[in-house]
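This is a predicted model, so every value here is computed, not measured. Each residue takes its place number in the sequence, starting with 1.
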Amino acid sequence: MNHKFFYISGLPRTGSSLLSNILMQNPSVHAEGRSALCQMMWDMQYSIEGYSREALEANRRIPKTSMAVMRALPGLYYNDVDREIIFDKSRTWTLFANHQMLKRYIDESPKVIVLVRPVDEIVRSFAKLRVNNGWTGDVYTDLILPHTDPITLPLEGIANAKYTRDEGFLFVTYKSLVEKPSEVLQAIYKHCGLNWFAHKVDNVEQNFTEDDVGYGLVGMHDVRQKIELQANDVVLPRNIQKICDAMTETLYDGLDAI
């Protein structure tokens, strides 16, 4: 089946699971959990340009074969999906190299939904989830180390997306998604050029459930039926709060988001 691809990216704990499950109410849309497609394409590209390049060049199979292999990966990854439209979710589609890979192999003008949220709220959400899963000790510091998943690497990607001003990026705040989901959905449909589908946002059913055991954080991708902001009484250490505030200020500086 020939799929049409769109992308969900940005920061964690920003409602991507909620958004994916709402989108899947549309019988033409498939939107599952965190995808391995981006990493698989990167690994294959590295193999082609590194380990396999000599043989491919010797047999005059660059660029034709390499291009065909790369372009086939998304279809192979979602080979079992019988819905026409796919929203692939990866926190790092916004990184420059990954975005260029999209443009080169899949779509010259990819449409990427970039979810954002104040960094301290994200860290507090992770901390609460970790404590509820029995984690002890420092549950904050590793989240804000430079160039790491799940927060600082996506922040680098968002900086790229923000400053390149590519029209394919649509920035959505977590607050907007929770407080006015219907407006956000309409903006996403318009951005992607899709025919409107009337979604139900008053009583959301979870259409796709990730196995959070592998992440060590059971409940991380649970979707509540009622869309609302959740109370979180976690108080961050002063030094962590200061770093988060600085990250948030940089994140929102010049950001045009709905």
**Request:** Check whether any side-chain heavy atom of Met247 sits under 4.5 Å from a side-chain heavy atom of Ile144, and report yes or no.
**Result:** yes

**Asked** Are side-chain heavy atoms of Ile86 and Lys4 found at a separation under 4.5 Å?
**Response** no

**Message:** Taking Leu229 as the starting point, is it possible to reach Leu177 by hopping between hydrophobic residues whose side chains are less than 4.5 Å apart?
**Reply:** yes

**Asked** Testing Ile151, Thr152, Leu115 for side-chain contact (heavy atoms from CB on, under 4.5 Å) with Leu11, which one passes?
**Response** Ile151

**Request:** Over all heavy atoms of both residues, which pair between Ala187 and Ile258 is shortest? Give the atoms and the distance, please.
**Result:** CB-CD1, 3.5 Å

**Asked** For the hydrophobic clusters of this structure (ILVMFWY residues joined by side-chain heavy atoms under 4.5 Å, transitively), does one cluster hold both Ile85 and Phe5?
**Response** no

**Request:** Take His30 and His3 through the test side chain to side chain contact (heavy atoms under 4.5 Å, CB included) and record every step on the way to the result.
**Result:** CA-CA 10 Å; His30 177 81; His3 297 110; over 6 Å; no

**Prompt:** What heavy-atom pair brings Asp142 and Thr148 nearest, and what distance separates the two atoms?
**Reply:** O-OG1, 4.0 Å

**Message:** Rounded at 0.5 Å granularity, tell me how far CE in Met24 sits from CZ in Arg83.
**Reply:** 4.5 Å

**Prompt:** Would Leu194 and Ile188 count as a side chain to side chain contact (heavy atoms under 4.5 Å, CB included) if you check the C-alpha gap in whole Å, the side-chain angles of each, and the deciding distance to 0.1 Å?
**Reply:** CA-CA 8 Å; Leu194 298 174; Ile188 290 172; 6.0 Å; no

**Item:** Heavy-atom pair with the smallest gap, counting every atom of Lys128 and Ala231
**Value:** NZ-O, 3.1 Å

**Item:** Rounded distance [0.5 Å steps], NZ in Lys200 versus CD in Gln225
**Value:** 12.5 Å

**Item:** Distance-only side-chain donor-acceptor flag, Asp138 / Thr141, under 3.5 Å
**Value:** yes

**Request:** Would you check if Val223 and Glu205 make a side-chain contact, meaning some heavy-atom pair closer than 4.5 Å?
**Result:** no

**Asked** Judged by atom type as modelled, is there a donor-acceptor pair below 3.5 Å linking the side chain of His99 to the main-chain atoms of Ala161?
**Response** no

**Item:** Side-chain (Glu108) to main-chain (Lys103) donor-acceptor, under 3.5 angstrom
**Value:** no

**Prompt:** Any side-chain heavy atom of Phe197 within less than 4.5 Å of one from Leu23?
**Reply:** no

**Side-chain donor-acceptor pair present, Lys89, Ser35, cut-off under 3.5 Å** = no

**Item:** Least distance between heavy atoms, Tyr174 atom then Arg13 atom
**Value:** CD1-O, 4.3 Å

**Item:** side-chain hydrogen bond (donor to acceptor under 3.5 Å, both in side chains), paired with Asp88, selected from Trp93, Tyr77, Tyr7
**Value:** Trp93

**Asked** So Trp42 and Asn98, side chain to side chain contact (heavy atoms under 4.5 Å, CB included) or not? Walk me through it.
**Response** CA-CA 8 Å; Trp42 183 259; Asn98 294 342; 3.8 Å; yes

**Item:** Residue Asn203 excluded, over 12 heavy atoms near CG under 6.0 Å
**Value:** yes

**Where Ala257 and Val172 come nearest, the two heavy atoms and their spacing** = CB-N, 4.5 Å

**Item:** Backbone of Ser90 reached by a side-chain donor or acceptor of Arg34 within 3.5 Å
**Value:** no

**Prompt:** Do Leu95 and Leu170 belong to the same hydrophobic cluster, where Ile, Leu, Val, Met, Phe, Trp and Tyr are linked whenever their side-chain heavy atoms lie under 4.5 Å apart, directly or via other members?
**Reply:** no

**Item:** Ile158 and Phe171, any side-chain heavy atoms less than 4.5 Å apart
**Value:** yes

**Request:** May I ask whether Met67 and Met70 are part of the same hydrophobic cluster, defined by side-chain heavy atoms of I, L, V, M, F, W, Y residues being less than 4.5 angstrom apart, directly or through others?
**Result:** yes

**Message:** Looking at Asp166 and Lys111, is there a salt bridge between them, counting it only when a charged N and a carboxylate O are closer than 4.0 Å?
**Reply:** no

**Request:** Return yes if a side-chain donor-acceptor contact under 3.5 Å exists between Thr173 and Ser176, otherwise no.
**Result:** yes

**Prompt:** Can you tell if the side chain of Val123 reaches within under 4.5 Å of the side chain of Ser125, non-hydrogen atoms only?
**Reply:** no

**Asked** Distance from Tyr140 atom OH to Leu236 atom CG, nearest 0.5 Å?
**Response** 6.5 Å

**Prompt:** For Ile122 and Thr14, which heavy atoms make the closest approach, and how far apart are they?
**Reply:** CD1-CG2, 4.4 Å

**Request:** Using a cut-off of 6.0 Å, state whether more than 12 heavy atoms not belonging to Glu167 lie near its atom CD.
**Result:** no

**Asked** Going by heavy atoms in the side chains, are Leu18 and Val204 under 4.5 Å from each other?
**Response** yes

**Asked** How far does CZ of Arg124 sit from CG of Asp120, to the nearest 0.5 angstrom?
**Response** 5.5 Å

**Request:** Taking Asn232 for its side chain and Glu121 for its backbone only, find out whether a donor-acceptor pair lies under 3.5 Å.
**Result:** no

**Prompt:** Between Tyr189 and Asn26, do the side chains contain an N or O donor and an N or O acceptor separated by less than 3.5 Å?
**Reply:** yes

**Atom pair OG1/CD of Thr248 and Gln241 - distance to nearest 0.5 Å** = 8.0 Å

**Message:** For residues Trp135 and Leu129: do they belong to one hydrophobic cluster (side chain heavy atoms under 4.5 Å, members Ile, Leu, Val, Met, Phe, Trp, Tyr)?
**Reply:** yes

**Request:** Mind running side chain to side chain contact (heavy atoms under 4.5 Å, CB included) on Thr164 and Phe169 for me, showing each step along the way?
**Result:** CA-CA 10 Å; Thr164 55; Phe169 293 116; 4.0 Å; yes

**Asked** Any side-chain donor-acceptor pair under 3.5 Å between Glu156 and Asn160?
**Response** no

**Request:** Taking the side chain as every heavy atom from C-beta outward, state whether Ile113 and Ser9 have any atom pair closer than 4.5 Å.
**Result:** no

**Prompt:** Measuring from Leu73:CG to Asp43:CG, what's the distance to the nearest 0.5 Å?
**Reply:** 10.0 Å

